[in-house]
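Lettering of chains follows the sequences in order, A, B, ..., and the numbering in each one begins at 1. No hydrogens, no waters, no symmetry mates; every other heavy atom, side chains included, goes into these values.
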Amino acid sequence: MIADNWTFVAAAYGLTAIVLLGYWRRLAKKERELEALSRRNAERRRAEPSSRPPLDESPLQQHPRP
Amino acid sequence: MSYARRALAVAWKDLAVERRSKETLNALVFFSLLLLFVFQFTLGGDRERLAAVLPGVLWLGFVLSALLALGRTFLVEREHDCWEGLLLAPGDKSAIYLGKLVGNLALMLVVEALVLGLFVVFFDIDLGRAMPGLLAVVLLGTLGLAAVGTLFAAMTANVRARELLFPVLLLPVQVPVLLATVKATEGLLLGEPLGAIAHWVKLLVAADVIYVVVSVLTFDVVLEG
Amino acid sequence: MVRTLGWLTVAGLLAGLVMAFGVAPREVTQGNVQRIMYVHVPLILASYLAFGVLALASIVYLIRRDAVADRVAHASGEVGVMFVGLGIATGSIWGKPTWGTWWTWDARLTSVAILFVMYLGYLLLRGTIDDPERAARYCAVLGIVAALDIPLVHFSVYWWRTLHQPPSLMKPGGFTGSSAILWPLLVNLLAFVLLYAYFVARRIRLLCAEAEAAA
């Protein structure tokens with residue numbers, strides 16, 4: 001009977017799970033940090049009564065063409 | 001100024017600078033001598049082992065020299081604050097690429113000829129029959145290295161950790177060229193007919209065409225800023 | 001929408017696990033260690049998808065200079081490198097008991113290893129350039145060069161390993177495929193493609209949010 005090598009199976013699946021979960025948690029953590037940051041920015045902006053010029057077409061979606 | 005004229009002007013300028021200062025050339029020659037000595041220490045005694053690893057060792061020498069040469073190709077522009085000059089150059093900037101490519105090719109071929117000559121002399125290798133094929137393979141391989149190398153050198157010229165990033169980016173991409181040149185050189189040195197290594201030569205030609213065309217088309221993008 | 005994708009992915013992965021361990025048979029020549037294939041192959045194939053998307057997104061970016069295309073390339077590169085790295089690791093773990101060695105320089109392994117290093121370099125380039133517009137441009141160029149290099153890598157490595165050489169050792173994939181093995185493989189492949197899509201979608205959303213916060 002051929003050996004089953006379940007330890008290797010566990011190692012492969014385990015490593016995959018750990019790395020994928022790790023990446024998922026990293027995404028979640030960054031999202032939370034960004035959320036907190038933008039909330040703080042919004043609060044600060046509300047506290048300041050100074051008006052900001054309205055943004056026209058978002059400069060973020062289009063990089064300057066040469 | 002016509003496109004070709006601009007390209008040649010860049011090449012001529014680079015070669016003239018090199019001829020006067022000889023900085024890169026000296027570094028490469030010195031480096032090649034060092035390689036030669038190290039190979040002699042490790043392999044010199046055993047002729048059979050030497051013959052077996054010679055193609056790989058030879059191209060290792062060529063590649064390491066290429067990394068040195070290509071890594072420095074935009075050094076002059078960077079150090080003397082001429083980078084903006086490149087960015088503001090009128091017309092098709094790919095002329096600059098071709099000029100740099102020709103300059104790099106010339107430099108690399110000179111060094112390779114020197115390294116090859118040293119190897120032949122110090123390791124007593126008979127190149128006779130292999131010569132024309134070897135010449136073609138060396139030319140094609142060097143063009144492949146220089147084509148992508150010049151593009152990547154421009155890309156990494158102004159980034160952090162440039163000296164580390166440049167070889168890290170270049171070498172994996174160049175694996176097909178390295179494989180093809182080493183196997184073709186091996187075949188030639190074993191006296192095989194050109195037909196036996198024809199597929200390697202075809203791969204090198206294909207690679208060179210792809211690399212040069214892509215680089216010419218994208219160099220403008222790299223020099224936008 | 002990202003959340004639905006997430007739940008679909010979880011369902012797919014669970015189904016995949018059930019198929020891999022409950023439905024798939026015990027392989028005749030290798031034993032149960034062959035079940036590693038049900039993560040290894042999907043990871044590799046999904047990474048190919050990731051790199052293909054990266055190449056396309058890079059071309060789109062250079063033509064249209066649309067920041068979203070750049071973010072697609074960025075996210076796809078991250079997930080692709082992660083998947084291919086895991087693919088290599090699981091392949092190595094599979095290889096040790098079946099081949100007796102952690103690594104061998106056969107054609108497929110060598111090609112995949114080169115792929116891994118190439119796209120790792122892509123991520124490194126992104127990490128080194130601070131200006132997002134320049135990073136987008138340079139990475140698009142690198143993405144295109146890398147993609148065009150893939151057939152060259154494939155042929156050079158394949159010729160290196162097969163010409164004037166005896167055929168390579170039996171690969172883990174070298175067993176007679178049957179439908180009993182095919183279905184679990186397909187389910188897992190679908191699950192990992194969903195996982196790729198989910199990760200990329202979430203990463204792009206994060207990149208857009210980061211860009212807005214920096215403004």
Side-chain angles (χ1 to χ4, degrees), chain B residues 87 144 147-149 151-152 154-184 186-187 190 192 196-200 202-215 217-225, chain C residues 51 55 58-59 61-65 70 81 84 105 107 110-165:
Chain B
L87 302 183
V148 182
L151 178 69
F152 283 6
M155 277 200 325
T156 55
N158 287 312
V159 303
R160 298 197 308 270
R162 172 188 46 86
E163 292 100 348
L164 185 61
L165 198 61
F166 175 67
V168 166
L169 292 184
L170 186 64
L171 290 177
V173 171
Q174 290 299 293
V175 165
V177 170
L178 296 179
L179 253 178
T181 50
V182 170
K183 294 316 272 184
E186 190 182 66
L190 286 174
E192 285 177 27
I197 60 160
H199 49 283
W200 293 121
K202 274 188 263 182
L203 188 107
L204 281 172
V205 171
D208 286 352
V209 168
I210 292 175
Y211 293 155
V212 172
V213 168
V214 171
S215 299
L217 291 175
T218 56
F219 201 70
D220 271 50
V221 175
V222 172
L223 280 197
E224 274 172 33
Chain C
F51 297 141
S58 298
I59 295 174
Y61 178 77
L62 282 187
I63 297 174
R64 310 184 73 222
R65 302 302 168 107
D70 172 58
V81 168
V84 82
W105 291 99
T110 310
S111 301
V112 176
I114 294 168
L115 220 68
F116 175 64
V117 182
M118 266 201 322
Y119 286 104
L120 194 63
Y122 175 88
L123 293 181
L124 280 172
L125 184 66
R126 275 216 185 261
T128 353
I129 304 177
D130 299 316
D131 174 28
E133 195 264 336
R134 188 202 278 184
R137 259 186 299 125
Y138 284 12
C139 288
V141 172
L142 181 61
I144 291 171
V145 172
L148 289 171
D149 212 41
I150 290 175
L152 293 172
V153 169
H154 171 82
F155 279 111
S156 61
V157 172
Y158 182 69
W159 290 340
W160 168 54
R161 289 283 79 177
T162 56
L163 298 181
H164 310 303
Q165 291 242 7

A.B. asks: Would you please name every residue forming a side chain to side chain contact (heavy atoms under 4.5 Å, CB included) with C:Thr110, sequence neighbours left out?
C.D. replies: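 Here the qualifying residues are C:Trp105, C:Ile114, C:Val157, C:Trp160.
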A.B. asks: Return the SG to CE distance between C:Cys139 and B:Met155, rounded to the nearest 0.5 Å.
C.D. replies: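 CE of B:Met155 is found 7.5 Å from SG of C:Cys139.
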A.B. asks: For B:Leu169 and C:Tyr122, which heavy atoms make the closest approach, and how far apart are they?
C.D. replies: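 That closest heavy-atom pairing would be CD2-N, 4.3 Å.
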A.B. asks: Against chain C, label B:Ala207 side chain, backbone, both or neither, depending on which of its atoms sit under 4.5 Å from a heavy atom there.
C.D. replies: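 It is both, since atoms from each part get that close.
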A.B. asks: What residue in C:Ile150, C:Leu115, C:Asp130 has the most heavy-atom pairs under 4.5 Å with chain B?
C.D. replies: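 The option with the most such pairs is C:Asp130.
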A.B. asks: Go through B:Thr156 and C:Tyr138 one step at a time and tell me if the side-chain contact (heavy atoms from CB on, under 4.5 Å) criterion holds.
C.D. replies: CA-CA 9 Å; B:Thr156 55; C:Tyr138 284 12; over 6 Å; no
A.B. asks: Between atom NZ of B:Lys202 and atom CZ of C:Phe155, what is the distance when rounded to the nearest 0.5 Å?
C.D. replies: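 One finds 11.5 Å between NZ of B:Lys202 and CZ of C:Phe155.
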A.B. asks: Suppose we screen for side chain to side chain contact (heavy atoms under 4.5 Å, CB included). Which residues come up paired with B:Ile210, at least two apart in sequence or across chains?
C.D. replies: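 Applying side chain to side chain contact (heavy atoms under 4.5 Å, CB included) to B:Ile210 gives B:Val214, C:Leu148, C:Leu152.
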A.B. asks: What part of B:Leu171 gets within 4.5 angstrom of chain C, counting heavy atoms only: side chain, backbone, both, or neither?
C.D. replies: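 Neither part; nothing is under 4.5 Å.
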A.B. asks: Is it the backbone or the side chain of C:Leu120 that comes under 4.5 Å from a heavy atom of chain B, or both, or neither?
C.D. replies: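 Neither part.
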A.B. asks: Taking all atoms of both residues into account, what is the closest heavy-atom pair of C:Val117 and B:Pro172, and its distance?
C.D. replies: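 Smallest interatomic distance, heavy atoms only, reads CG1-CG, 3.5 Å.
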A.B. asks: Let's test your reading of the structure: which of B:Val159, B:Leu165, B:Leu217 forms the most heavy-atom pairs below 4.5 Å with chain C?
C.D. replies: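 Counting heavy-atom pairs under 4.5 Å, the top option is B:Leu165.
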A.B. asks: What heavy-atom pair brings C:Val141 and B:Val221 nearest, and what distance separates the two atoms?
C.D. replies: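 Nearest pair, atom of C:Val141 first, then B:Val221: CG2-CG1, 4.1 Å.
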A.B. asks: Shortest non-hydrogen contact from C:Ser156 to B:Pro176?
C.D. replies: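 Shortest heavy-atom contact: OG-CA, 3.4 Å.
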A.B. asks: So which residue, C:Glu133, C:Met118, C:Arg137, ends up with the most heavy-atom pairs under 4.5 Å with chain B?
C.D. replies: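 Highest number of pairs under 4.5 Å: C:Arg137.
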A.B. asks: Hey, what do you get for CG (C:Leu142) to OG1 (B:Thr218), rounding to the nearest 0.5 Å?
C.D. replies: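 With rounding to 0.5 Å, CG (C:Leu142) is 10.0 Å from OG1 (B:Thr218).
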